[in-house]
Each structure stands twice: as C-alpha cells, then as structure tokens.
Amino acid sequence: MKVVMKFGGTSVATAERIKNVAVRVKESGKGHHVVVVCSAMGDTTDELLALCTDASKGLEKPVEERLASIRKSHLAALNAAVKDKAVRRQVLAMLNVTLSQLEKLARGSTVLGELTPRSKDAILSCGERLSNPIVWGALLERGMDPVYMTGGECGIMTDDKFGDASPLMEVTKFQVREKLAPLLSSGKTPVVTGYLGATQRGDTTTLGRGGSDLTGTIIGAAIDADEVWIWSDVDGLMTADPRLVPDARVLREVSYEEAGEMAVFGAKALHPRTLEPVAEKGIPVRFRNTFKPSDQGTVVKRNPKLYSKNVVKAVAVVKEVAVITVGGASMVGKPGSAARIFDVMGRSGINVLMISQSVSESNISMVVARSSMEKGANALELALLGQVQGSFRQILTEDDVSAIAVVGGGVRSIKGIAAAAFTAIAARGINVRMIASGSSNQNLSLIVWERDAKETVRALHSAFKLDRLDSA
Ligand code: ADP
Ligand code: ASP
Ligand code: MG
C-alpha cells in the first residue's frame with residue numbers, strides 16, 4: 001500500500017514522542033510505501049506567533065528571549081531524540097540553517113517594528129522546518145532511508161494569500177507526483193513539512209492553522225495513496241470534543257460529508273479543507289492514536305457502514321464566531337438583496353458559516369468567524385448603507401455567541417431531530433439565539449450565547465444518546 005502518515009504537534013511534542021513516531025513509521029509502515037508529514041513540535045507555532053507580535057511591536061528583549069527558547073528546546077530535543085553522533089551532526093547543520101534564518105527575520109522586523117504577511121509566514125514556517133529534520137534523523141538512525149523536504153520543495157504550490165493559502169491543486173498534484181513517485185519506488189521515505197507551501201515565485205506560504213492535515217491529504221491525492229493516516233492524541237474522530245464531553249465515544253466509520261461538517265464546526269480535530277483533495281478519489285482517511293497503535297481509530301470513507309440506528313453522529317461547536325445582522329424593513333420583496341450582501345462578504349474575502357433570514361424578510365443574519373466580524377460589518381456599512389435608497393437600514397453585530405452543530409447524514413430531512421434537539425436545550429433553560437441553515441443536509445445548526453455553549457453540547461450529546469453509541 002501507499003500510505004501518507006501525518007503526525008500532529010502533540011505526536012512530536014517531545015524527544016520521546018519523536019522517537020515513538022520513528023518507531024510507528026518503521027513498524028506500522030512495514031511493507032508499505034510511506035510518506036511522512038509532521039507538524040511543528042507541541043505549541044511551537046503559537047510561540048512563533050507570539051514572536052511575530054513582539055517583533056512587529058519592536059520589542060527587542062522579548063524577541064531575543066523567545067528566539068533563545070526556541071533554539072534551546074529544539075537543540076535539546078535533537079540531542080535526546082537522535083543518539084548517533086554522525087546523524088546528529090547532520091541534523092544540527094539543518095537546524096542551524098533554519099534557526100539563523102529565523103533570527104535574521106525576527107531581528108529585521110524588530111528593527112523595523114513591522115511585519116508583512118509574507119515575512120510572517122516565513123517565520124511561522126520555521127516550526128515545521130525545525131521538527132521535521134529531527135524526525136528525519138530519528139528515521140535515519142533506525143536504518144530507514146528518509147528524504148527531508150519542505151512543502152514547497154515537495155511541489156505544493158499555493159496562491160499568495162499568506163497565512164491561509166490555498167493549494168493550486170492541478171499543478172500541485174503534478175509536481176508532487178513527479179517529486180515523490182521516484183523516491184517511493186526506490187524505497188526511500190520522504191519526510192515533508194506539514195502546513196507549508198510556496199507561491200509560484202517561491203515565497204513560503206502557510207495553509208492556515210492546523211494545515212498539516214491538509215498537507216497529508218494533498219500528498220495523498222497527488223500520489224494516489226491507498227490511505228492517509230492522521231495520527232493524533234485521541235482515539236479517532238469522536239462524537240464530541242472529549243475535552244468538553246468526557247463521555248464522548250469514538251466513531252468507527254464516517255462519510256466525507258459528515259467528517260467535513262465536523263471539521264468546519266469542530267475546528268481543532270481536523271483542518272476544514274482536509275477532505276477536499278481525497279473525497280473526489282475516495283481515498284480513505286484514518287484517524288489513529290499515536291499512543292495506541294493497535295486501535296483501529298476512525299475511517300472516513302465513501303458509504304460508511306451504518307453501525308447504529310442513530311443518524312446523529314456528533315455534536316460540534318465553534319466558539320469564536322459572531323453574528324452580523326443586516327436589517328431594513330424595505331428589504332421585503334426586493335429581489336437581489338441577499339445576493340448583494342453576500343457579494344460584499346465574498347469580495348471582502350469573508351467566509352459566511354451560516355445564514356438565517358426571518359420570514360418577514362426584514363433581517364438577514366450571517367454567522368462569521370469572530371476575527372472577521374469587524375471587517376465584514378465595515379465592508380457592509382460602506383457598500384450598503386445609504387447607497388440603495390432606504391433598502392438597508394442597519395447593521396448589527398454580536399460577538400458573544402457560539403455555533404453548535406448536530407452532525408449526521410440526513411439530520412435535516414429526518415423528522416423529530418430538530419424537535420428533540422430544542423426540547424433537550426429548553427429543558428436546561430438555555431435560550432437558542434438563532435437557528436441557521438448550514439450548507440448541507442448533514443447538520444442542524446444553531447447559535448447560543450457563548451456562556452451556554454458547553455451545556456448545550458452536553459445536553460444534545462446526551463439527548464441523542466451519543467454517550468451510549470455502539471461503536472464496536
Ligand atoms: P494534532 O496536534 O494531532 O494536530 P489537534 O490538537 O489539532 O491535534 O487535534 C486533536 C484534538 O482535537 C484532540 O485532542 C481533541 O481534544 C480535539 N477535538 C475536538 N473535537 C474533536 C472530535 N470530535 N473528535 C476528536 N477530537 C476532537
Ligand atoms: N503547526 C501548525 C499549527 O499549529 C500546523 C499544524 O499543526 O497542523 O497550526
Ligand atoms: Mg491539528
């Protein structure tokens with residue numbers, strides 16, 4: 001089999017864990033052609049983001065402290081993860097190249113007190129460019145034949161939306177295949193940095209937070225992998241975030257559509273666009289626990305087995321959202337009002353998660369990421385208010401809300417699900433702020449006040465008996 005194995009930040013967080021990754025690749029990869037994709041160690045990306053903030057404010061001392069801490073932690077990890085002296089020397093040389101680039105970039109922007117999106121991505125890329133060489137060394141000293149490369153070197157070409165770049169899929173697939181196929185057929189194991197791509201000009205880009213998952217599936221689609229394995233610190237995709245709902249259960253089989261909804265709403269477990277590259281070809285994606293390799297985990301595939309009568313499979317929550325409401329009585333009966341609103345949002349590059357329109361048509365509410373609320377509201381004010389005589393009267397924003405989704409194939413068309421959901425929520429005295437339509441028949445979504453989010457997820461999880469889901 002051809003398998004892409006992606007290891008997340010938690011799986012490479014310490015030297016011990018990096019050694020465990022090397023053992024996993026060697027043992028679970030036996031008899032297979034394997035491509036390894038790794039994230040940055042632990043919360044390195046968060047540290048790099050903090051470094052960017054300090055640098056752009058010109059704060060010299062904190063910048064130097066952060067640089068020293070990143071250097072120290074990676075060199076310590078290298079020393080503990082790689083024992084063979086010759087291999088360690090090679091990795092050290094690789095790390096020194098990245099560390100000195102990082103130092104130059106950070107010091108340069110500290111002097112200027114400014115950081116462009118392009119330089120910020122160059123800084124953020126260093127997390128993956130420091131962890132993957134250590135993994136490379138750990139594989140080499142175990143007798144494997146690994147080849148280290150960045151996402152850009154592997155052929156992942158993206159647009160230039162720094163910070164949230166999208167792969168140009170056709171050229172990427174071609175380039176990645178050209179690069180990796182000969183390596184795999186000669187028994188080598190490519191080790192590719194997750195999260196990174198490069199523009200046509202060769203500038204480094206990042207694919208958005210959690211983007212290493214996407215790197216895994218881009219490569220899977222390009223090489224026509226038999227499976228993509230996403231190794232993490234949980235037993236698989238679960239009926240809810242286990243940190244919110246302690247009795248959440250592992251799902252065995254899930255469709256691409258269901259997992260896609262969970263990704264959009266569940267945020268952390270899966271980068272929202274992860275499944276796009278593989279769904280079309282039907283390449284299965286398996287979620288496995290690095291610390292429990294004998295578990296089967298969750299497989300995302302076409303036509304998953306129905307192992308339960310329960311159509312609801314999961315309850316997910318996105319905390320950091322906001323609602324923008326465009327109001328104005330005279331929108332009633334004016335065709336094209338909604339189109340104008342979404343056109344403005346689209347032009348401003350803002351993703352609308354859900355929409356809701358009142359029956360009288362006098363209000364249209366949109367749920368967006370909280371970070372884009374202000375930009376969206378400003379763009380709407382500029383474009384709409386006062387320009388079309390009286391059509392749009394006011395734009396209101398609310399930022400203390402969370403979006404909750406009940407996910408499962410067919411949830412919207414099956415009678416009784418919405419009623420059961422609202423009864424369960426009402427029984428806990430929680431007020432539903434808004435009911436919204438997601439983009440598919442795979443979820444029923446609603447907005448509650450942020451302070452009620454956790455309780456709502458728990459109420460729904462137990463109302464749909466997900467804690468008793470037979471996942472065997
Ligand atoms: P990695 O570092 O491996 O990329 P992440 O932290 O990005 O891991 O994602 C894994 C985490 O996602 C889990 O530890 C879990 O707390 C969280 N999570 C949220 N929702 C779910 C879910 N439905 N199923 C599994 N994990 C979830
Ligand atoms: N290191 C990146 C992040 O923390 C990418 C990833 O982990 O998938 O977002
Ligand atoms: Mg992740």
Side-chain angles (χ1 to χ4, degrees), residues 5-14 17 20-21 24 37-50 70 120-121 123-132 150-151 163-165 192-197 205-218 229-252 254 258-274 285 287-291 295 297-298 300 312-319 404-408 443 453-454 457 460-461 466 469 471:
M5 294 198 197
K6 177 262 169 177
F7 294 90
T10 41
S11 305
V12 293
T14 61
R17 291 186 183 186
N20 178 51
V21 163
R24 274 297 46 79
V37 173
C38 295
S39 296
M41 290 180 71
D43 46 17
T44 308
T45 307
D46 290 328
E47 288 169 24
L48 290 166
L49 272 171
I70 290 170
K120 186 171 175 183
D121 267 6
I123 289 183
L124 293 181
S125 76
C126 293
E128 271 69 11
R129 290 166 53 212
L130 291 170
S131 61
N132 282 271
T150 64
D164 190 23
V192 187
T193 59
Y195 185 46
L196 312 182
T205 49
T206 62
L207 305 172
R209 294 305 305 270
S212 300
D213 297 332
L214 183 57
T215 307
T217 54
I218 291 171
W229 296 352
I230 296 187
W231 296 90
S232 187
D233 61 342
V234 271
D235 293 347
L237 278 182
M238 304 180 77
T239 52
D241 185 341
R243 289 169 301 188
L244 283 183
V245 183
D247 51 9
R249 303 286 304 249
V250 177
L251 295 157
R252 287 290 162 228
V254 178
E258 289 165 337
E261 295 289 335
M262 287 172 73
V264 171
F265 288 97
K268 237 213 142 183
L270 192 59
H271 182 284
R273 284 175 290 154
T274 305
V285 179
F287 289 82
R288 307 184 63 174
N289 189 335
T290 343
F291 308 106
D295 270 23
T298 303
V300 181
V312 175
K313 287 205 171 151
V315 183
V317 56
V318 195
K319 290 211 184 103
I404 315 276
V406 174
V407 179
N443 88 67
K454 194 163 159 183
V457 174
L460 292 168
H461 196 265
L466 293 175
L469 189 77
S471 54

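Start at 1 and go down the list; that is how both ligands and their atoms are numbered.
Close approach to Met262 involves these atoms of ligand 1, each under 4.0 Å from a residue heavy atom: 23 (N). When each atom of ligand 1 is checked for a heavy atom of Gly236 under 4.0 Å away, the hits are 24 (N), 25 (C). Residue Asp233 approaches ligand 1 through these ligand atoms, each under 4.0 Å from one of its heavy atoms: 10 (C), 13 (C), 14 (O). Close contacts between ligand 1 and Leu237 involve ligand atoms 24 (N) [criterion: under 4.0 Å to a heavy atom]. Shown in contact with Arg243 at under 4.0 Å from a heavy atom are these atoms of ligand 1, numbered in order with element: 15 (C), 16 (O), 17 (C). Remark: ligand 1 atoms within the under-4.0 Å shell around heavy atoms of Ser232 are 1 (P), 3 (O), 8 (O), 10 (C). Near Gly8, with a cut-off below 4.0 Å to any heavy atom, the atoms of ligand 1 are 1 (P), 2 (O), 3 (O), 4 (O). Annotation for ligand 1: atoms under 4.0 Å from non-hydrogen atoms of Thr10 are 1 (P), 2 (O), 3 (O). Of all the atoms in ligand 2, the ones that sit under 4.0 Å from a non-hydrogen atom of Glu128 are 1 (N), 2 (C), 5 (C).
The nearest heavy-atom contact from the protein to atom 7 (O) of ligand 2 is Ser39 OG, 3.2 Å. Nearest non-hydrogen protein atom to atom 6 (C) of ligand 2 is Ser212 OG, 3.3 Å. At the shortest separation from atom 3 (C) of ligand 2 among protein heavy atoms lies Arg209 NE, 3.4 Å.
Between Gly9 and ligand 2, no pair of N/O atoms sits closer than 3.5 Å. The shortest N or O to N or O distance between Lys6 and ligand 2 is not below 3.5 Å. Residue-to-ligand polar distances place Thr45 within reach of ligand 2: an N/O pair is separated by less than 3.5 Å.
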Report task. Please lay out, stage by stage, how Arg243 and Val234 fare under the test side-chain contact (heavy atoms from CB on, under 4.5 Å). Result -> CA-CA 11 Å; Arg243 289 169 301 188; Val234 271; over 6 Å; no

Requested in this report: Please lay out, stage by stage, how Leu244 and Val317 fare under the test side-chain contact (heavy atoms from CB on, under 4.5 Å).
Outcome: CA-CA 10 Å; Leu244 283 183; Val317 56; 3.5 Å; yes

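Applying side chain to side chain contact (heavy atoms under 4.5 Å, CB included) to Leu251 and the options Met238, Glu258, Met262 leaves one that passes, Met262.
Checked by atom type, the side-chain pair Thr206/Asp121 shows a donor-acceptor distance below 3.5 Å.
Using a 4.0 Å cutoff on heavy atoms, Lys6 counts as a contact of ligand 1. Within the structure, the closest approach of Gly8 to ligand 2 does not fall below 4.0 Å when heavy atoms are considered. Heavy atoms of Ala240 approach ligand 1 to within less than 4.0 angstrom. In this structure, Gly210 has a heavy atom closer than 4.0 Å to ligand 2.
At least one side-chain heavy atom of His461 sits less than 4.5 Å from a side-chain heavy atom of Thr239. Between Asp295 and Asn289 there is no side-chain heavy-atom pair separated by less than 4.5 Å.
Across the listed options Asp241, Thr45, Leu270, Thr290, Asp241 owns the non-hydrogen atom lying nearest to atom 20 (N) of ligand 1.
Under 4.0 Å is where a charged nitrogen must lie from a carboxylate oxygen, and between Lys454 and Asp241 no such pair does.
Thr215 approaches Leu196 most closely through the heavy-atom pair OG1-N, 4.2 Å.
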